[in-house]
Number of protein chains: 2
Amino acid sequence: MELKKLADALKALGDPTRLKIIALLNMRDCCVCELVPIFGISQPAISKHLSRLKNADLVTENRKGQWVFYSLNRKQLHEIGLGLVNLPDCSAEFKKLEEQGLLVSCKED
Amino acid sequence: MELKKLADALKALGDPTRLKIIALLNMRDCCVCELVPIFGISQPAISKHLSRLKNADLVTENRKGQWVFYSLNRKQLHEIGLGLVNLPDCSAEFKKLEEQGLLVSCKED
DNA sequence: TATTGATATAACCATATGGTCATATTAGTA
DNA sequence: TACTAATATGACCATATGGTTATATCAATA
């Protein structure tokens, strides 16, 4: 990958919120309304972070009805040469979401 | 590594100038006056980029007389989980420096 | 000691970033 | 069709970023 594009991707990853989004997506696909309660920031803020990650080809989006699900673009992460082993475990966040009934996968059933 | 620190390191890498500095240091240690002519920017600008990389533990400095040589902190890069295979080859830059007699290693001899 | 070369720091400036709130858009549903 | 939920976009703001020039610091040397 060319240097400028590689730098852009790394800069997109170089924010605690976006990096945690990557860590979350590393466990399972998420939609915006699942991510919002995890972070203490507004829905538009999350939306813009996702947009930034999408522009850097780090995630892809997939609309399912009302919801837009985001997935990791593992191919791109591999091309950047970034391993995901170092990312923190996010089981606790998903557990909390489930307890609060905020997992969209529950609503879908 | 904790998320905030990992994000800081990635942000430090997320700039074309700093990333190229990393690529150059991946080939050999460099001092500031060698890096300046490679980039089209001022000496203080280079100095600040190096300071930024040092703060992120990505490089170490080592004074040798007048010169301060910077080296990659490969341990830190490994902890971040970033491979260096993707970085561009910089032989041309060093060759040009040598032709112009700007390599400090020449002056030292 | 005075001078020169290499590097770092300070003050400054234009632009980018990451958040806010308000609003537009899109899909499902009464 | 009207309403609601989910998402995206626009306008705005405070701070960070990446550059500049001028100057300070530090080491080598005449």
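Letters go in sequence order (proteins before strands), and every chain restarts at 1. Below, each value reflects all heavy atoms present in this structure, side chains not excepted, and no hydrogens, waters or symmetry copies. Because the structure is a prediction, the values reported are computed rather than measured.
Partners of A/Glu99 by salt bridge (Lys or Arg N to Asp or Glu O under 4.0 Å), not counting sequence neighbours, listed by chain and number: A/Lys95. Listed by chain and number, the residues in a salt bridge (Lys or Arg N to Asp or Glu O under 4.0 Å) with B/Asp29 amount to none (sequence neighbours excluded). A search for side-chain contact (heavy atoms from CB on, under 4.5 Å) contacts involving B/Ser51 returns B/Asn55, not counting sequence neighbours. With sequence neighbours excluded, no residue satisfies salt bridge (Lys or Arg N to Asp or Glu O under 4.0 Å) with B/Lys96.
Set against D/dA8, C/dT7, D/dG18, the side chain of A/Val68 has D/dA8 as its closest nucleotide.
Straight-line distance from the CG atom of A/Leu50 to the C1' atom of C/dG18: 14 Å, rounded to whole Å. Rounded to whole Å, the distance from CH2 on B/Trp67 to C1' on D/dT29 is 12 Å. In this structure, the CG atom of B/Asp8 is 12 Å from the P atom of C/dG18, given to the nearest Å. For the pair A/Glu61 CD and D/dT7 C1', the interatomic distance rounds to 10 Å; values are reported in whole Å. Between A/Arg52 atom CZ and C/dA16 atom C1' there is a gap of 9 Å when expressed in whole angstrom units. Taking atom CD1 of residue B/Ile46 and atom P of nucleotide C/dA8, one finds them 11 Å apart after rounding to whole Å. Between A/Phe39 atom CZ and C/dG18 atom C1' there is a gap of 14 Å when expressed in whole angstrom units. Look at CG on A/Leu103: it is 13 Å from P on D/dA6, rounded to the nearest Å.
Sorted by first and then second residue, the salt bridge (charged side-chain N to carboxylate O under 4.0 Å, His left out) pairs involving residues 73-82 of chain B (not counting sequence neighbours) are B/Lys75-B/Glu79. Listed by first then second residue, pairs satisfying salt bridge (charged side-chain N to carboxylate O under 4.0 Å, His left out) with a partner in residues 43-54 of chain A read A/Lys54-A/Glu61, not counting sequence neighbours. Within the structure, salt bridge (charged side-chain N to carboxylate O under 4.0 Å, His left out) pairs that include any residue of residues 6-16 of chain A comprise A/Lys4-A/Asp8 (at least two apart or interchain).
Scanning all heavy atoms of the two residues, the minimum distance from B/Cys90 to B/Leu24 falls at CB-CD2, 3.6 Å. Across all non-hydrogen atoms, the minimal contact from A/Ile80 to B/Leu82 is O-CD1, 3.9 Å.
Within residues 9-24 of chain B, no residue is approached by DNA chain C to less than 4.0 Å at the level of any non-hydrogen atom.
OP1 or OP2 of C/dA8 sits under 4.0 Å from a side-chain N or O of B/Tyr70.
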>> Each nucleotide in nucleotides 20-27 of chain D should get exactly one letter: B, S or -. Can you fill that in based on protein heavy atoms under 4.0 Å?
In response: BBB----S
